[in-house]
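Scroll down for the structure; my scribbles are underneath it.
In what follows, chains carry the letters A, B, and so on, assigned in the order in which the sequence lines appear, proteins first and then strands, with residues in each chain numbered from 1.
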There are 2 protein chains.
Amino acid sequence: MRNRSVTYSSEATFQALADPTRRAVLDLLRRGSLPAGEIAGAFSVSRPAISKHLRLLRRAHLVREHREGRNRVYQLNPEPLRAVDSWLDQYRNFWRMNLTSLKTFVEAEHAKETHAAKLNRKTSKGDL
Amino acid sequence: MRNRSVTYSSEATFQALADPTRRAVLDLLRRGSLPAGEIAGAFSVSRPAISKHLRLLRRAHLVREHREGRNRVYQLNPEPLRAVDSWLDQYRNFWRMNLTSLKTFVEAEHAKETHAAKLNRKTSKGDL
DNA sequence: TCGTCGCGTAACTGTAGGGTTACGCATTAT
DNA sequence: ATAATGCGTAACCCTACAGTTACGCGACGA
(Lines give C-alpha, C1' and ligand atoms only; values in the text may rest on other atoms or scores of the structure.)
Protein backbone atom coordinates (compact mmCIF):
# COMPACT_ATOMS: atom_id res chain seq x y z
CA MET A 1 0.00 0.00 0.00
CA ARG A 2 1.67 3.17 -1.08
CA ASN A 3 0.89 5.76 1.46
CA ARG A 4 2.49 8.51 -0.41
CA SER A 5 0.92 11.16 1.76
CA VAL A 6 -0.33 11.32 5.28
CA THR A 7 -2.93 8.79 6.17
CA TYR A 8 -5.79 10.40 8.00
CA SER A 9 -7.97 8.35 10.24
CA SER A 10 -11.31 8.36 8.54
CA GLU A 11 -12.64 7.70 11.99
CA ALA A 12 -11.79 11.21 13.14
CA THR A 13 -13.07 12.61 9.88
CA PHE A 14 -16.49 11.01 10.08
CA GLN A 15 -16.77 12.04 13.64
CA ALA A 16 -15.85 15.62 12.85
CA LEU A 17 -18.46 15.75 10.14
CA ALA A 18 -21.15 14.53 12.47
CA ASP A 19 -21.83 17.98 13.84
CA PRO A 20 -23.77 20.44 11.65
CA THR A 21 -21.90 23.43 13.02
CA ARG A 22 -18.58 21.92 12.04
CA ARG A 23 -19.83 21.15 8.56
CA ALA A 24 -20.98 24.75 8.33
CA VAL A 25 -17.54 25.92 9.38
CA LEU A 26 -16.02 23.89 6.59
CA ASP A 27 -18.55 25.28 4.16
CA LEU A 28 -17.60 28.73 5.29
CA LEU A 29 -13.91 28.09 4.85
CA ARG A 30 -14.48 26.93 1.32
CA ARG A 31 -14.82 30.56 0.40
CA GLY A 32 -11.47 31.39 1.93
CA SER A 33 -9.46 31.33 5.09
CA LEU A 34 -10.71 33.22 8.08
CA PRO A 35 -9.53 34.14 11.53
CA ALA A 36 -11.25 32.37 14.39
CA GLY A 37 -13.16 35.43 15.44
CA GLU A 38 -14.82 35.85 12.12
CA ILE A 39 -15.72 32.23 12.00
CA ALA A 40 -17.32 32.55 15.40
CA GLY A 41 -19.10 35.69 14.28
CA ALA A 42 -20.89 33.72 11.63
CA PHE A 43 -22.64 31.54 14.17
CA SER A 44 -25.03 32.11 16.97
CA VAL A 45 -23.11 30.07 19.50
CA SER A 46 -20.41 31.50 21.68
CA ARG A 47 -16.83 31.97 20.60
CA PRO A 48 -15.39 29.27 22.89
CA ALA A 49 -17.85 26.82 21.42
CA ILE A 50 -16.48 27.53 17.97
CA SER A 51 -12.99 27.30 19.37
CA LYS A 52 -13.70 23.77 20.49
CA HIS A 53 -15.17 22.87 17.15
CA LEU A 54 -12.04 24.21 15.53
CA ARG A 55 -9.95 22.06 17.80
CA LEU A 56 -11.85 18.99 16.66
CA LEU A 57 -11.49 20.01 13.05
CA ARG A 58 -7.78 20.48 13.62
CA ARG A 59 -7.54 17.08 15.23
CA ALA A 60 -9.18 15.61 12.13
CA HIS A 61 -6.80 17.62 9.95
CA LEU A 62 -9.73 19.18 8.17
CA VAL A 63 -8.42 22.66 8.89
CA ARG A 64 -5.01 24.15 9.39
CA GLU A 65 -4.22 27.06 11.61
CA HIS A 66 -1.49 29.62 11.44
CA ARG A 67 -0.91 32.88 13.23
CA GLU A 68 -1.08 36.29 11.76
CA GLY A 69 -0.37 38.79 14.41
CA ARG A 70 -2.84 38.06 17.12
CA ASN A 71 -5.19 36.38 14.75
CA ARG A 72 -5.43 32.69 14.23
CA VAL A 73 -6.25 32.12 10.63
CA TYR A 74 -7.96 28.89 9.71
CA GLN A 75 -7.65 27.29 6.35
CA LEU A 76 -9.60 24.43 4.90
CA ASN A 77 -7.80 21.20 4.23
CA PRO A 78 -10.06 18.96 2.17
CA GLU A 79 -7.59 16.10 2.02
CA PRO A 80 -9.20 13.90 4.68
CA LEU A 81 -12.48 14.13 2.84
CA ARG A 82 -11.01 11.84 0.26
CA ALA A 83 -11.36 9.00 2.71
CA VAL A 84 -15.04 9.74 3.04
CA ASP A 85 -15.30 9.94 -0.68
CA SER A 86 -13.73 6.57 -1.21
CA TRP A 87 -15.85 5.01 1.49
CA LEU A 88 -18.87 6.41 -0.24
CA ASP A 89 -17.61 5.10 -3.51
CA GLN A 90 -18.49 1.56 -2.51
CA TYR A 91 -22.08 2.67 -2.33
CA ARG A 92 -22.29 4.64 -5.50
CA ASN A 93 -22.79 1.53 -7.57
CA PHE A 94 -25.61 0.74 -5.25
CA TRP A 95 -27.68 3.76 -5.83
CA ARG A 96 -26.98 3.53 -9.48
CA MET A 97 -27.94 -0.07 -10.10
CA ASN A 98 -30.15 -0.60 -7.17
CA LEU A 99 -33.05 1.64 -7.88
CA THR A 100 -35.02 -0.92 -9.81
CA SER A 101 -34.37 -3.70 -7.37
CA LEU A 102 -35.23 -1.31 -4.61
CA LYS A 103 -38.48 -0.62 -6.33
CA THR A 104 -39.32 -4.27 -6.59
CA PHE A 105 -38.38 -4.72 -2.97
CA VAL A 106 -40.72 -2.00 -1.90
CA GLU A 107 -43.47 -3.45 -3.99
CA ALA A 108 -42.84 -6.83 -2.53
CA GLU A 109 -43.08 -5.31 0.89
CA HIS A 110 -46.36 -3.77 0.03
CA ALA A 111 -47.68 -6.97 -1.46
CA LYS A 112 -46.65 -8.86 1.60
CA GLU A 113 -48.47 -6.54 3.86
CA THR A 114 -51.63 -6.72 1.88
CA HIS A 115 -51.83 -10.43 1.22
CA ALA A 116 -49.73 -11.54 4.14
CA ALA A 117 -49.58 -15.00 2.71
CA LYS A 118 -46.32 -14.92 0.93
CA LEU A 119 -44.03 -16.00 3.69
CA ASN A 120 -46.45 -18.33 5.32
CA ARG A 121 -46.30 -21.23 3.02
CA LYS A 122 -45.21 -23.46 5.84
CA THR A 123 -47.89 -22.53 8.26
CA SER A 124 -51.54 -22.29 7.80
CA LYS A 125 -51.77 -19.86 10.61
CA GLY A 126 -50.82 -16.95 8.46
CA ASP A 127 -52.32 -14.13 10.37
CA LEU A 128 -51.26 -11.49 12.77
CA MET B 1 -40.45 22.90 -0.03
CA ARG B 2 -40.30 20.58 -2.89
CA ASN B 3 -40.27 17.03 -1.81
CA ARG B 4 -39.72 15.49 -5.16
CA SER B 5 -38.86 12.20 -3.56
CA VAL B 6 -38.42 11.48 0.07
CA THR B 7 -36.18 14.07 1.65
CA TYR B 8 -33.82 12.58 4.16
CA SER B 9 -32.29 14.80 6.74
CA SER B 10 -28.61 14.72 6.00
CA GLU B 11 -28.24 15.62 9.62
CA ALA B 12 -29.39 12.19 10.72
CA THR B 13 -27.30 10.60 8.03
CA PHE B 14 -24.04 12.23 9.02
CA GLN B 15 -24.73 11.45 12.59
CA ALA B 16 -25.46 7.83 11.85
CA LEU B 17 -22.21 7.53 9.95
CA ALA B 18 -20.23 8.92 12.84
CA ASP B 19 -20.03 5.57 14.57
CA PRO B 20 -17.60 3.01 13.16
CA THR B 21 -19.78 0.10 14.16
CA ARG B 22 -22.68 1.50 12.20
CA ARG B 23 -20.52 2.06 9.17
CA ALA B 24 -19.38 -1.53 9.50
CA VAL B 25 -22.99 -2.66 9.63
CA LEU B 26 -23.66 -0.83 6.41
CA ASP B 27 -20.57 -2.35 4.86
CA LEU B 28 -21.84 -5.73 5.92
CA LEU B 29 -25.24 -5.16 4.42
CA ARG B 30 -23.71 -4.22 1.12
CA ARG B 31 -23.18 -7.93 0.58
CA GLY B 32 -26.83 -8.63 1.12
CA SER B 33 -29.65 -8.40 3.59
CA LEU B 34 -29.28 -10.09 6.93
CA PRO B 35 -31.38 -10.81 10.00
CA ALA B 36 -30.49 -8.84 13.09
CA GLY B 37 -28.99 -11.83 14.81
CA GLU B 38 -26.47 -12.44 12.10
CA ILE B 39 -25.51 -8.83 12.03
CA ALA B 40 -24.93 -8.93 15.74
CA GLY B 41 -22.95 -12.13 15.36
CA ALA B 42 -20.46 -10.30 13.21
CA PHE B 43 -19.49 -7.97 16.00
CA SER B 44 -17.97 -8.34 19.39
CA VAL B 45 -20.50 -6.15 21.15
CA SER B 46 -23.72 -7.45 22.60
CA ARG B 47 -26.84 -8.04 20.59
CA PRO B 48 -28.85 -5.22 22.20
CA ALA B 49 -26.05 -2.82 21.34
CA ILE B 50 -26.41 -3.75 17.71
CA SER B 51 -30.13 -3.48 18.04
CA LYS B 52 -29.75 0.11 19.09
CA HIS B 53 -27.39 0.83 16.26
CA LEU B 54 -29.95 -0.60 13.91
CA ARG B 55 -32.55 1.64 15.39
CA LEU B 56 -30.40 4.66 14.63
CA LEU B 57 -29.76 3.43 11.13
CA ARG B 58 -33.48 2.96 10.67
CA ARG B 59 -34.11 6.46 11.94
CA ALA B 60 -31.68 7.73 9.32
CA HIS B 61 -33.39 5.56 6.71
CA LEU B 62 -30.10 3.91 5.89
CA VAL B 63 -31.60 0.48 6.44
CA ARG B 64 -35.03 -1.01 6.08
CA GLU B 65 -36.42 -3.75 8.18
CA HIS B 66 -39.03 -6.32 7.40
CA ARG B 67 -40.14 -9.45 9.17
CA GLU B 68 -39.61 -12.94 8.00
CA GLY B 69 -41.07 -15.28 10.50
CA ARG B 70 -39.40 -14.44 13.74
CA ASN B 71 -36.47 -12.86 12.01
CA ARG B 72 -36.04 -9.22 11.36
CA VAL B 73 -34.27 -8.85 8.10
CA TYR B 74 -32.32 -5.69 7.47
CA GLN B 75 -31.63 -4.31 4.07
CA LEU B 76 -29.35 -1.54 3.04
CA ASN B 77 -30.88 1.64 1.70
CA PRO B 78 -28.13 3.76 0.19
CA GLU B 79 -30.44 6.58 -0.79
CA PRO B 80 -29.61 8.95 2.06
CA LEU B 81 -25.95 8.64 1.19
CA ARG B 82 -26.64 10.73 -1.84
CA ALA B 83 -26.93 13.73 0.42
CA VAL B 84 -23.48 13.03 1.76
CA ASP B 85 -22.24 12.59 -1.74
CA SER B 86 -23.57 15.91 -2.89
CA TRP B 87 -22.24 17.67 0.16
CA LEU B 88 -18.87 16.16 -0.61
CA ASP B 89 -19.20 17.27 -4.16
CA GLN B 90 -18.60 20.86 -3.23
CA TYR B 91 -15.17 19.83 -2.03
CA ARG B 92 -14.10 17.71 -4.94
CA ASN B 93 -12.92 20.70 -6.90
CA PHE B 94 -10.73 21.51 -3.98
CA TRP B 95 -8.75 18.35 -3.88
CA ARG B 96 -8.45 18.43 -7.63
CA MET B 97 -6.30 21.52 -7.44
CA ASN B 98 -2.88 20.85 -6.09
CA LEU B 99 -2.29 21.96 -2.62
CA THR B 100 0.15 24.76 -3.21
CA SER B 101 -2.07 26.55 -5.65
CA LEU B 102 -4.90 26.00 -3.24
CA LYS B 103 -2.92 27.63 -0.52
CA THR B 104 -2.07 30.70 -2.54
CA PHE B 105 -5.59 30.92 -3.84
CA VAL B 106 -7.06 30.81 -0.41
CA GLU B 107 -4.65 33.32 0.97
CA ALA B 108 -5.30 35.65 -1.88
CA GLU B 109 -8.97 35.32 -1.16
CA HIS B 110 -8.40 36.15 2.39
CA ALA B 111 -6.26 39.16 1.60
CA LYS B 112 -9.14 40.55 -0.36
CA GLU B 113 -11.36 40.32 2.62
CA THR B 114 -12.68 42.99 4.88
CA HIS B 115 -10.08 43.86 7.42
CA ALA B 116 -7.16 43.07 5.21
CA ALA B 117 -5.65 46.41 5.97
CA LYS B 118 -5.45 45.52 9.57
CA LEU B 119 -3.72 42.24 9.18
CA ASN B 120 -1.87 43.35 6.18
CA ARG B 121 1.68 42.96 5.13
CA LYS B 122 3.09 41.39 8.19
CA THR B 123 3.51 38.33 5.98
CA SER B 124 3.68 35.93 8.81
CA LYS B 125 2.64 33.28 6.41
CA GLY B 126 4.91 30.39 5.91
CA ASP B 127 6.66 30.33 9.21
CA LEU B 128 5.64 27.90 11.92
C1' DT C 1 -50.23 -25.79 24.99
C1' DC C 2 -45.33 -25.25 26.03
C1' DG C 3 -40.77 -24.25 25.78
C1' DT C 4 -37.44 -22.08 22.86
C1' DC C 5 -35.80 -18.82 19.73
C1' DG C 6 -35.12 -14.05 17.69
C1' DC C 7 -35.10 -9.57 18.72
C1' DG C 8 -36.56 -5.26 20.46
C1' DT C 9 -36.87 -2.38 24.75
C1' DA C 10 -36.35 -0.78 29.55
C1' DA C 11 -33.30 0.51 33.05
C1' DC C 12 -28.96 1.73 34.29
C1' DT C 13 -23.87 3.16 33.98
C1' DG C 14 -19.91 5.53 32.19
C1' DT C 15 -18.19 8.76 29.05
C1' DA C 16 -17.97 11.92 25.32
C1' DG C 17 -19.54 16.27 23.55
C1' DG C 18 -21.60 20.69 22.93
C1' DG C 19 -23.00 24.64 25.38
C1' DT C 20 -21.91 28.21 28.73
C1' DT C 21 -18.92 31.74 31.75
C1' DA C 22 -14.47 32.97 33.74
C1' DC C 23 -9.86 33.36 32.97
C1' DG C 24 -4.99 33.50 31.05
C1' DC C 25 -1.70 34.55 27.66
C1' DA C 26 0.13 36.69 23.59
C1' DT C 27 0.05 40.52 20.58
C1' DT C 28 -0.98 45.14 19.29
C1' DA C 29 -2.34 49.90 20.36
C1' DT C 30 -1.95 54.09 23.36
C1' DA D 1 4.12 50.38 30.91
C1' DT D 2 -0.70 49.77 30.54
C1' DA D 3 -4.84 48.87 28.24
C1' DA D 4 -7.34 46.50 24.84
C1' DT D 5 -7.91 42.83 21.51
C1' DG D 6 -8.01 37.89 19.75
C1' DC D 7 -8.37 33.47 21.01
C1' DG D 8 -7.56 29.25 23.39
C1' DT D 9 -8.49 26.61 27.81
C1' DA D 10 -10.44 25.35 32.29
C1' DA D 11 -14.31 24.31 34.94
C1' DC D 12 -18.73 23.41 34.87
C1' DC D 13 -23.51 22.12 33.18
C1' DC D 14 -26.69 18.87 30.68
C1' DT D 15 -27.87 15.87 27.13
C1' DA D 16 -26.79 12.13 23.96
C1' DC D 17 -25.19 7.75 23.40
C1' DA D 18 -22.60 3.28 23.42
C1' DG D 19 -22.40 -0.39 26.29
C1' DT D 20 -24.30 -3.61 29.66
C1' DT D 21 -28.07 -7.02 31.92
C1' DA D 22 -32.88 -8.18 32.60
C1' DC D 23 -37.05 -8.67 30.57
C1' DG D 24 -41.16 -9.09 27.33
C1' DC D 25 -43.37 -10.56 23.35
C1' DG D 26 -44.46 -12.62 18.97
C1' DA D 27 -43.23 -16.69 16.10
C1' DC D 28 -42.05 -21.65 15.72
C1' DG D 29 -41.24 -26.51 16.59
C1' DA D 30 -42.61 -30.11 19.71
B/Glu68 atom CD is separated from C/dG8 atom P, nearest whole Å, by 14 Å
Practice task
Indicate yes or no: does B/Asp89 engage B/Arg82 in a salt bridge with an N to O separation below 4.0 Å.
Solution key: no
The single option from B/Arg72, B/Arg58, B/Gln75 that satisfies side chain to side chain donor-acceptor pair (under 3.5 Å) with B/Glu65 is B/Arg72
Ranking D/dC7, C/dT9, C/dT20 by distance to the side chain of A/Arg72, first place goes to D/dC7
OP1 or OP2 of C/dG19 under 4.0 Å from side-chain N/O of A/His53: yes
Here the distance between atom P of C/dA26 and atom CZ of A/Arg67, to the nearest Å, is 10 Å
In whole angstroms, the gap separating C1' of D/dT15 from CD of B/Gln15 amounts to 12 Å
Practice task
May I ask you to verify if any side-chain N or O of B/Asn71 is less than 4.0 angstrom from the OP1 or OP2 atom of D/dA27?
Solution key: no
B/Leu56 CG to D/dA16 P, in whole Å, measures 12 Å
Rounded to whole Å, NZ of A/Lys52 lies from P of C/dG19 at a distance of 8 Å
Given the options A/Leu54, A/Leu17, A/Leu56, A/Leu76, A/Leu62 meets side-chain contact (heavy atoms from CB on, under 4.5 Å) only with A/Leu17
Rounded to whole Å, CZ of A/Arg55 lies from P of D/dC7 at a distance of 16 Å
Review point. For B/Tyr74, which contact category applies under a 4.0 Å heavy-atom criterion: base, sugar-phosphate, or nothing?
Key: sugar-phosphate
Side-chain contact check for B/Arg59: nearest option of D/dC17, D/dG8, C/dG17 is D/dC17
Across the strands shown, which category fits B/Pro48 at heavy-atom distances under 4.0 angstrom: base, sugar-phosphate, nothing?
base
inquiry  = Apply side-chain contact (heavy atoms from CB on, under 4.5 Å) to residues A/Arg92 and A/Gln90 and explain how you reach the verdict.
reply    = CA-CA 6 Å; A/Arg92 269 188 258 280; A/Gln90 304 170 311; over 6 Å; no
Checking C/dG8, D/dT20, D/dA18 against the side chain of B/Asp19 (C-beta onward), the nearest is D/dA18
Heavy-atom nearest nucleotide on DNA chain D taken for B/Arg70 and for B/Ser46; more 5' hit belongs to B/Ser46
note: B/Ile50, atom CD1; D/dA18, atom P; distance rounded to Å ~ 11 Å
In whole angstroms, the gap separating P of C/dG18 from CG of A/Leu17 amounts to 12 Å
task: Check every strand shown and say whether A/Arg47 touches a base, only sugar-phosphate, or nothing at a heavy-atom separation below 4.0 Å.
output: base
- [ ] Flag the pair B/Asn77 / B/Val63 as yes when at least one side-chain heavy-atom distance between them is below 4.5 Å, and no otherwise.
- [x] no
Report which part of the nucleic acid B/Ala36 touches: base, sugar-phosphate, or nothing (heavy-atom distance under 4.0 Å, all strands). sugar-phosphate
